[in-house]
Novice: 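Got a structure for you, written out below as structure tokens; questions coming shortly.
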Amino acid sequence: MAFRVLNVAEKNDAAREIARIMSRGGNSRREGMSRYNKIYEYEYNLFGRRCEMTMTSLSGHLMEIEFVVGYQKWHSCQPLALFTAPIEKKVSSNMDGIRKTLEKEIRRCNALIVWTDCDREGENIGYEVIEVCRRIKPRIDIYRARFSEITAPSITRACATLGRPDERTSFAVDVRQELDLRIGAAFTRFQTLRLQKRFPEVLSEQLISYGSCQFPTLGFVVQRYNEIVAFVAETFFKIKVKHSTPDGEAEFNWKRVRLFYRLACAVLHQGCLENPMATVVNQTSKPKSKWRPLPLDTVELEKLASRKLRINAKETMRIAEKLYNQGFISYPRTETNIFPSSLDLTNLIQQQTVDENWGQFSANLLTEGANPRQGRKTDNAHPPIHPTKFTATLNGQEKRLYEFIVRSFLACCSKDAQGIETTVEIDIAREKFTAKGLSITAKNYLDVYPYEKWCDKTLPIYRTGDTFMPTSIDMVEGETEPPSLLTEADLIALMEKHGIGTDATHAEHIEKIKARNYVGVQPDGKFVPGELGMGLVQGYDAMGLEMSQPHLRAELERDLKKICLGQKQKDVVLREHIEKYKEVFVQTCEQVNQLDQALAQFFGEPVQLNEDPVTSQVINSQPVFTCPSCQTQMCMKKTQDKGFMIGCMRYPECTSRAFFPSFVLDAQVTERVCSRCIPRPVYKIKFQFKRGSVPPMMDLEYCTCILCDEYLQEILSFRINASSSVTQRNTSTRRDNGRNNENNNRRGGQMSSTTQSQPRRPQRPPFQPDNHDSNKRPRPPRPENYVLCGCDQRAIIRTVRKEGVNKGREFYTCEKRECDFFLWADEGRGDDQTNQNQANDRRPNLCQCRQQAVVRTVQKAGPNQHRQFYCCSKPSGQACKFFEWLDSERPTSQPPPAQNQRPNRKPRCCGICRQPGHTRNKCPRK
DNA sequence: GCAAGGTC
């Protein structure tokens with residue numbers, strides 16, 4: 001049986017080229033599941049045997065990381081929680097075709113060779129391929145091909161020296177991805193949500209993002225602007241000597257360049273004036289070259305297009321990609337500035353000989369032979385940017401950029417410009433002056449490269465020992481000048497220098513800070529900080545945080561390198577950086593007023609908010625509490641589906657909280673007293689309920705304590721029972737009546753007399769957050785008037801309200817809607833343990849699909865009506881077929897007594913005919 | 001609605 005190998009490259013171009021080299025042009029091609037990623041097939045000798053090779057490709061990263069569902073929405077959690085929120089890595093939806101191709105092809109293969117780019121990201125992308133393939137074939141043999149360029153020798157060498165993928169390098173990328181996501185999302189949400197509310201007139205629609213590359217890029221612009229603003233001009237003085245002759249004019253510059261003291265300069269100037277005769281002390285002539293341009297890589301193209309053509313980096317890349325797709329130029333995303341020896345430069349130059357502007361130059365170049373200047377960088381994949389086909393059909397910016405690429409290519413393949421530089425040094429009153437002249441002897445590349453100037457400068461002829469009387473000796477005054485604002489090319493150079501972003505992303509980061517209104521661009525192409533950008537940088541600077549400095553990113557880069565070298569563990573780096581940024585985040589929250597103040601300089605006074613100082617979370621209702629466990633302020637807010645919540649704003653770090661159910665319409669804190677936890681803070685809250693949600697108990701007052709963390713339902717059930725005159729229960733099933741007693745006494749006995757008659761409940765220890773796992777919400781202390789139901793939730797007591805034999809009877813039912821737990825209260829009345837035992841007895845089994853099985857009752861008329869059975873609790877579409885009768889024997893023909901029926905359970909009314917027993921879809925009237 | 005990194 002044939003030994004098949006699946007080969008995967010990072011992009012289709014690379015796959016095609018590697019396949020062509022390995023097959024010596026003899027490969028076949030077929031379509032894959034992704035239209036951009038073809039499948040190439042050929043045979044190759046590998047592992048000492050003839051192998052059937054299948055080569056396909058990706059389009060960069062196959063997977064993306066994202067927070068799990070509960071954290072994706074902006075208001076779903078505190079931004080602080082994003083530092084620890086669970087994340088997942090999965091195949092991006094737009095990469096589904098590629099995933100399917102891999103899954104399909106790996107099934108028929110015996111080994112996998114990863115041919116992704118040989119850099120850090122490439123290694124990580126390789127592991128994404130491995131993960132997808134291992135899901136299909138867990139034991140597949142995996143190799144890594146390492147190559148420095150896509151040429152026959154390099155590819156052959158890679159095949160002969162196949163190794164294993166480097167997990168550490170891939171880990172480094174995992175760390176970078178996770179940190180970028182967590183930090184970016186946390187700060188972006190925090191800044192945006194807060195500042196939109198603080199400055200609604202200006203920022204209500206503004207997204208205020210933070211990114212580890214965006215902010216340093218902004219920082220460069222602001223720093224240069226600040227340097228200019230802070231610049232103090234200094235006056236300087238210098239001496240200039242001129243000499244005019246019939247052969248030409250010479251201007252001599254002072255060797256001291258300039259002095260900042262007028263008197264000193266004046267003394268020396270006076271000396272020259274008193275003894276003005278100049279003596280030529282030295283005269284030299286030497287050859288001078290002006291170097292031709294390097295081959296174009298992406299960054300160089302962006303910088304030069306910005307400087308020479310005034311086309312910005314983003315636009316340059318857009319046009320370049322279009323030219324590439326039309327086949328006019330080579331791939332424009334490359335870090336290589338070395339032409340590979342395999343590239344046929346002569347043919348490329350030949351194509352350009354037909355042009356009316358540079359055709360003649362190209363023809364001459366052919367006769368001389370191409371001699372490209374070579375740089376030092378290679379990305380192992382793509383050659384420098386060069387024209388691949390002649391065209392004269394382009395217009396506008398496309399034409400300009402194409403012409404620039406062609407002229408750069410021809411200039412690079414030509415020769416340096418040559419000239420003779422003459423330097424003349426003279427002495428006047430022991431002060432030295434020099435003048436320089438230039439005589440160009442061969443323009444060479446300059447003939448085809450109009451973007452650079454090199455001019456002749458003719459000097460009169462001087463010989464050493466000559467003397468002459470200067471035409472003028474002047475003392476001139478000048479002022480030092482501030483640096484100029486950054487151009488886009490300057491900005492890209494700074495980003496490159498400090499390791500901010502990559503070649504492929506520089507333009508995107510610049511574009512992003514423009515889009516966010518952090519910076520603006522003047523008509524002359526210079527970058528100025530915008531009000532928002534300036535305010536953000538000033539605000540963070542005022543907090544003493546170096547958010548806009550490149551150091552933080554540089555530190556991460558250093559640690560990532562250590563992961564690659566095995567000097568540091570991935571988890572350690574991740575933990576350290578998360579902790580560091582989390583600390584920065586907390587500091588930002590604590591000092592966030594600095595940010596407000598910085599922006600207030602530009603946008604006016606901010607709108608006042610009720611806010612938490614740590615999280616700046618806006619609070620909708622008063623007042624603000626102090627968290628008893630961490631001293632952070634807590635807030636009460638209305639949640640979408642859970643009614644009201646009082647909770648620590650540092651959740652989940654601090655788990656102090658209390659929830660109130662959704663039938664509460666309004667809540668108002670009236671006091672801060674606790675009968676049980678004094679001197680701990682406790683809140684007494686007055687609730688209003690939706691009409692009908694509880695028996696006629698409107699404006700019920702409820703005292704709860706955050707420390708004790710008790711639930712509203714408990715007091716509700718108590719009050720309901722107390723007012724319904726049901727038989728007195730065992731006092732142990734009642735909640736803290738003693739506490740109410742104390743409260744009532746303090747408030748002058750406002751509570752009903754029923755509560756006052758209850759005996760005091762034993763004191764329970766206050767809530768101790770330190771005893772809880774910070775990742776889990778603490779379970780509330782269990783009050784005595786509920787039982788645990790089978791799904792481990794509380795089953796609370798309710799009263800049958802419907803007319804009939806069971807009216808007024810009480811029953812336990814699970815708080816959870818999905819759970820069908822039901823227990824008559826009088827079946828175990830007076831004995832809490834019995835209640836619990838009964839509940840436990842009725843705990844559902846685990847069904848076959850490991851889901852809970854719940855008890856249901858047969859509704860349908862027939863011999864089994866009212867009989868109970870276990871079945872899977874999943875929704876019908878997903879449920880397994882687990883089924884088990886609850887009773888061992890079949891029931892008699894008589895229906896079971898009424899107390900075995902569940903009151904008010906699932907009337908199954910269709911809502912059309914108002915008749916129970918069928919669903920809306922099956923209604924005969926429909 | 002968030003990052004940065006691949007790539008088409």
Side-chain angles (χ1 to χ4, degrees), chain A residues 9-16 34-38 57-67 71-77 79 82-83 85 87 89 91-92 94-95 97-98 116-117 119-129 170 172-196 203-217 298 317-318 320-322 324-326 331-335 379 381-382 495 499-513 515-516 552-553 556-557 560 577 581 585:
Chain A
E10 192 166 314
K11 46 204 161 245
N12 185 59
D13 285 358
R16 184 186 60 222
S34 154
R35 57 183 289 212
Y36 299 111
N37 305 88
K38 313 295 180 192
S57 59
L58 316 172
S59 295
H61 276 289
L62 190 59
M63 298 180 164
E64 59 186 2
I65 58 167
E66 183 53 285
F67 294 111
Y71 295 84
Q72 285 172 6
K73 294 197 170 149
W74 278 42
H75 292 282
S76 61
C77 66
L82 297 177
F83 286 99
I87 54 174
K89 190 170 190 178
V91 176
S92 319
N94 56 341
M95 298 292 168
I98 295 173
T116 49
D117 294 354
D119 54 19
R120 215 159 64 189
E121 292 294 330
E123 209 65 28
N124 189 266
I125 293 169
Y127 269 90
E128 292 173 0
V129 174
S170 175
V173 175
D174 287 338
V175 170
R176 184 208 43 83
Q177 288 178 336
E178 189 171 333
L179 286 171
D180 283 341
L181 174 66
R182 290 189 187 283
I183 299 162
F187 277 95
T188 301
R189 290 185 193 180
F190 170 75
Q191 290 181 164
T192 305
L193 293 175
R194 179 183 175 92
L195 296 176
Q196 280 182 348
L203 301 177
S204 62
E205 301 293 318
Q206 176 75 48
L207 178 65
I208 306 166
S209 60
Y210 170 82
S212 53
C213 290
Q214 290 175 33
F215 256 51
T217 308
T298 304
M317 291 314 291
R318 189 192 64 77
E321 272 172 27
K322 194 170 175 192
Y324 165 70
N325 289 328
Q326 291 171 313
Y331 190 65
R333 286 200 209 110
T334 172
E335 294 175 40
D379 65 6
H382 299 292
M495 293 170 78
I500 303 300
T502 67
D503 302 52
T505 59
H506 289 152
E508 285 176 28
H509 297 315
I510 294 173
E511 211 53 29
K512 196 157 269 178
I513 61 171
R516 300 279 190 261
L552 287 173
R553 183 80 192 182
L556 173 61
E557 274 301 318
L560 294 182
H577 283 266
Y581 275 97
F585 186 84

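Chain letters run A, B, ... following the sequence lines, proteins first and then strands; every chain starts at 1. The figures here come from the full heavy-atom set of this structure, side chains too, leaving out hydrogens, waters and symmetry mates.
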Novice: Which heavy atom in A:Ala172 sits nearest to a heavy atom in A:Leu560, and how many Å separate them?
Specialist: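 Looking at all heavy atoms of both residues, the closest pair is O-CD2, 3.3 Å.
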Novice: Going 5' to 3' on DNA chain B, which nucleotide is the first and which the last to come under 4.0 Å of a heavy atom in chain A?
Specialist: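 Result: B:dG1 to B:dC8.
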Novice: I need the single residue from A:Arg516, A:Arg189, A:Gln191 that forms a side-chain contact (heavy atoms from CB on, under 4.5 Å) with A:Ile208. Which is it?
Specialist: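 For A:Ile208, the side-chain contact (heavy atoms from CB on, under 4.5 Å) check succeeds only for A:Gln191.
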Novice: Across the strands shown, which category fits A:Arg553 at heavy-atom distances under 4.0 angstrom: base, sugar-phosphate, nothing?
Specialist: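 Sugar-phosphate: the residue A:Arg553, judged by heavy atoms under 4.0 Å, touches backbone atoms but no base.
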Novice: Which part of the nucleic acid, if any, lies within contact of A:Gly501, taking any heavy atom under 4.0 Å across all strands shown: a base, the sugar-phosphate backbone alone, or nothing?
Specialist: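 Answer is sugar-phosphate: A:Gly501 comes under 4.0 Å of backbone atoms only.
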Novice: Using a heavy-atom cut-off of 4.0 Å across all strands, would you classify A:Gln196 as base, sugar-phosphate, or nothing?
Specialist: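 The answer is base, as A:Gln196 lies within the cut-off (heavy atoms under 4.0 Å) of a base atom.
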Novice: Just checking A:Glu123: base, sugar-phosphate only, or nothing, at a heavy-atom cut-off of under 4.0 Å?
Specialist: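 No contact.
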Novice: Could you work out, with side chain to side chain contact (heavy atoms under 4.5 Å, CB included) as the rule, every residue matching A:Ala504, not counting sequence neighbours?
Specialist: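 By the side chain to side chain contact (heavy atoms under 4.5 Å, CB included) rule, A:Ala504 matches A:Arg333, A:Thr502.
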Novice: Under 4.0 Å, heavy atoms only, any strand: does A:Ile208 hit a base, just the sugar-phosphate, or nothing?
Specialist: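 Nothing: the residue A:Ile208, judged by heavy atoms under 4.0 Å, touches no strand.
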Novice: Across the strands shown, which category fits A:Arg182 at heavy-atom distances under 4.0 angstrom: base, sugar-phosphate, nothing?
Specialist: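 No contact.
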Novice: Considering every strand and a 4.0 Å limit on heavy-atom distances, what is the contact class for A:Tyr331: base, sugar-phosphate, or nothing?
Specialist: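 Sugar-phosphate contact only.
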Novice: Do other residues, nucleotides or ligands put more than 12 heavy atoms under 6.0 Å from the NZ atom of A:Lys322?
Specialist: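 Open.
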Novice: With heavy atoms under 4.0 Å as the rule, sort A:Phe187 into base, sugar-phosphate or nothing.
Specialist: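 Nothing, no nucleic acid heavy atom in range.
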Novice: Base, sugar-phosphate, or nothing: which does A:Glu508 touch, judged by heavy atoms less than 4.0 Å apart?
Specialist: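 Touches a base.
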Novice: So what does A:Met95 hit on the nucleic acid, given a heavy-atom distance under 4.0 Å: a base, only sugar-phosphate, or nothing?
Specialist: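 The residue A:Met95 makes base contact.
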Novice: Need one value for A:Ser59: base, sugar-phosphate or nothing, where a base atom within 4.0 Å counts as base even if backbone is also close, heavy atoms only.
Specialist: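 The answer is base, as A:Ser59 lies within the cut-off (heavy atoms under 4.0 Å) of a base atom.
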Novice: Mapping A:Thr192 and A:Gly499 onto DNA chain B by nearest heavy atom, which one lands closer to the 5' end?
Specialist: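 Of the two residues, A:Thr192 wins.
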Novice: If each of A:Leu181 and A:Glu321 is mapped to the nucleotide of DNA chain B with the nearest heavy atom, which maps nearer the 5' terminus, i.e. the 5' end?
Specialist: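 This one resolves to A:Leu181.
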Novice: List the residues meeting side chain to side chain contact (heavy atoms under 4.5 Å, CB included) with A:Ser92, not counting sequence neighbours, and say none if there are none.
Specialist: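 For A:Ser92 the side chain to side chain contact (heavy atoms under 4.5 Å, CB included) partners, ignoring immediate neighbours, are A:Glu64, A:Asn94, A:Met95.
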Novice: So, for A:Leu82 and A:Arg182, which heavy atoms are closest and what is the spacing to 0.1 Å?
Specialist: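 In terms of heavy atoms, the two residues are closest at O-NH1, 2.8 Å.
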Novice: Side chains of A:Met495 and A:Thr217: closer than 4.5 Å at any heavy-atom pair?
Specialist: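 They are in contact (side-chain heavy atoms under 4.5 Å apart), so the answer is yes.
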